[in-house]
2 protein chains.
Amino acid sequence: MAEAVSPQGGQDLLFLTDEQLRKGIEAMFFAYRGFTADPDRILAQKDYGRAHHRAVHFIHRSPGTTVNNLLAILGVTKQSLNRVLRTLISDGLVEVRVGREDKRERHLFLTQAGAALERELSDAQRDRMRTAYRAAGPVAVAGFRQVLEAMMDEDMRRHFQALRDRGPQ
Amino acid sequence: MAEAVSPQGGQDLLFLTDEQLRKGIEAMFFAYRGFTADPDRILAQKDYGRAHHRAVHFIHRSPGTTVNNLLAILGVTKQSLNRVLRTLISDGLVEVRVGREDKRERHLFLTQAGAALERELSDAQRDRMRTAYRAAGPVAVAGFRQVLEAMMDEDMRRHFQALRDRGPQ
DNA sequence: CTTGGAATGTCAACAAGGCTGACGTATTAT
DNA sequence: ATAATACGTCAGCCTTGTTGACATTCCAAG
């Protein structure tokens, strides 16, 4: 009653004030820094960058994916991706196989060394995620995922859901 | 029983599988792209970048903040920040006032033009946030914020909480 | 069989925005 | 007086994004 909460819906709408939204924005900013911090440290030692991590991650997720496919998921230009792929290939972390049906396509796979790097990076990232999940609890995690999914662009949501629904490997 | 769920705690631990954690990681990746997409479009038209957005945002949040303070929040070098601040100052978006108590310090403020840009950017970003919040609902939003906070580095969490608890302005 | 378009690779040039290192200058603290 | 702090700046480097142009290879349609 003393609170500025309208009888119907007031409490439910409180989380939509500019103030609440701003908190969410700042939380996203600070959290993303934490999210990338651990892999970044590992990558720096190996003379790789975030771009390499992303490529390796999604090749691991979708072995045999084509360059075009990866381009769409990563949302960068082919020149940008190519620079990264070139180093990964010449360093023996990624293997390229010319398409059997369509020989224009290049299918990308991780080598053993590539898979090892992927594991090292995602282990570090998962550790932080696990700690955060454990601290927040399952209900919070469900909400977390819901909000993130609602925040994506339409295109990205499609990519995300495709990966999500395909399950492991 | 057919499921690999242990009697006690099994259900609660299900959200900590590598698979679930991976989904969270990918959700963070795709969502962050959406999170920055709208401001990025506005900034591109005005020949500014994300770095300018961040500076303007936190100067708006803490008017009169010092350079050192901003440095700590943004987590970049002074050279990096200085490049951005220089353009904002010469473009008349940020005003610098020499400290009264300690004349070594420079206190940063947004001009009217600076405040206008800040509003344009944060309106765009809040719109997306609001849509996501509304779609997910208040319980999800609470969880979202909890997980993000748990994901931050210790230093960043301190900065976040300081801003959070100071409330509006 | 030719030809258009798709998928890919590659070269060059450029910009934003990180970084390090070094140096200068007030100003404050010891 | 001297040291430390806060800041600015110059120079140079790296990663990762961008455009634009052009070659190749191959599929598919005419």
Side-chain angles (χ1 to χ4, degrees), chain A residues 29 32-33 36-37 39-59 64-91 94-108 121, chain B residues 29 32-33 36-37 39-59 64-91 94-109:
Chain A
F29 170 71
Y32 199 77
R33 293 255 296 274
T36 55
D40 279 355
R41 266 189 289 274
I42 296 170
L43 289 159
Q45 293 171 349
K46 301 188 193 291
D47 271 341
Y48 289 127
R50 250 178 236 184
H52 300 87
H53 182 187
R54 293 198 277 261
V56 163
H57 175 97
F58 286 109
I59 294 172
T65 185
T66 64
V67 173
N68 249 7
N69 214 314
L70 202 50
L71 241 38
I73 287 176
L74 296 176
V76 296
T77 58
K78 62 176 177 173
Q79 293 91 331
S80 214
L81 175 59
N82 195 253
R83 182 169 31 201
V84 167
L85 280 181
R86 215 181 316 166
T87 73
L88 291 174
I89 292 164
S90 73
D91 290 357
V94 168
E95 193 194 329
V96 183
R97 294 186 210 153
V98 173
R100 286 199 311 175
E101 305 216 332
D102 185 339
K103 294 176 191 165
R104 289 167 305 179
E105 295 183 338
R106 307 295 140 106
H107 299 274
L108 304 169
L121 292 170
Chain B
F29 170 72
Y32 199 77
R33 293 259 296 276
T36 56
D40 279 356
R41 267 188 289 273
I42 296 169
L43 290 159
Q45 293 171 350
K46 302 188 192 292
D47 271 342
Y48 289 126
R50 250 178 236 183
H52 300 87
H53 182 188
R54 292 198 278 261
V56 163
H57 175 97
F58 286 109
I59 294 172
T65 185
T66 65
V67 173
N68 250 5
N69 213 313
L70 203 49
L71 241 38
I73 286 176
L74 296 176
V76 296
T77 59
K78 61 175 179 174
Q79 293 92 327
S80 217
L81 175 58
N82 195 252
R83 183 168 33 200
V84 167
L85 278 182
R86 215 180 317 168
T87 73
L88 290 174
I89 292 165
S90 72
D91 290 356
V94 168
E95 192 195 329
V96 183
R97 295 184 209 153
V98 173
R100 285 198 312 176
E101 305 215 331
D102 186 337
K103 292 176 192 165
R104 290 170 303 180
E105 295 183 337
R106 305 296 138 103
H107 298 275
L108 304 170
F109 299 86

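Chain naming here is simple, since letters A, B, ... match the order of the sequence lines and numbering starts at 1 in each. These figures come from a predicted structure and were not determined experimentally.
Applying the side-chain hydrogen bond (donor to acceptor under 3.5 Å, both in side chains) criterion to A:H53, with sequence neighbours excluded, gives no partner residue. Under the side-chain contact (heavy atoms from CB on, under 4.5 Å) criterion, A:K46 pairs with A:I42, A:Y48, A:L117, A:E120, not counting sequence neighbours. Residues satisfying the ring pair (Phe, Tyr, Trp, His ring centres under 6.0 Å) test with B:F58, not counting sequence neighbours, are A:F29, A:F30. Contacts of B:D102 classified as salt bridge (charged side-chain N to carboxylate O under 4.0 Å, His left out), with partners at least two apart in sequence or in another chain: B:R104. Remark: A:H57 pairs with B:E26 by the side-chain hydrogen bond (donor to acceptor under 3.5 Å, both in side chains) rule, at least two apart or across chains. Qualifying salt bridge (charged side-chain N to carboxylate O under 4.0 Å, His left out) partners for B:R86, counting only residues two or more places apart in sequence or in other chains: none. For B:R100, there are no side-chain contact (heavy atoms from CB on, under 4.5 Å) partners at least two apart in sequence or on another chain. In terms of the salt bridge (charged side-chain N to carboxylate O under 4.0 Å, His left out) criterion, residue partners of B:R97 (sequence neighbours excluded) are, by chain and number, B:E95.
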Show me the side-chain donor-acceptor pairs of residues 64-84 of chain A shorter than 3.5 Å, one per line, residues at least two apart or across chains.
from, atom 1, to, atom 2, distance (Å)
A:T66, OG1, A:N69, N, 3.2
A:T77, OG1, A:S80, N, 3.3

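Taking atom CG of residue B:L43 and atom C1' of nucleotide D:dG17, one finds them 15 Å apart after rounding to whole Å. Following rounding to the nearest Å, A:E101 (CD) and D:dA28 (C1') show an atom-to-atom distance of 15 Å.
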### Query
Could you write nucleotides 5-14 of chain D as a row of B, S and -, 5' to 3', where a protein heavy atom under 4.0 Å of any base atom gives B, of only sugar-phosphate atoms gives S, and otherwise -?
BSBBBB----
### Query
After noting the C-alpha distance and the side-chain angles of A:E105 and A:V98, does the key distance pass the side-chain contact (heavy atoms from CB on, under 4.5 Å) rule?
CA-CA 6 Å; A:E105 295 183 338; A:V98 173; over 6 Å; no
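Between A:T77 and D:dG17 there is no side-chain N or O to OP1 or OP2 distance below 4.0 Å.
Along DNA chain C, read 5' to 3', the first and last nucleotides having any atom under 4.0 Å from a heavy atom of chain B are C:dG17 to C:dT28.
Contacts between residues 44-56 of chain A and DNA chain D, defined by a heavy-atom separation under 4.0 Å, are made by A:G49, A:R50, A:A51, A:H52, A:R54.
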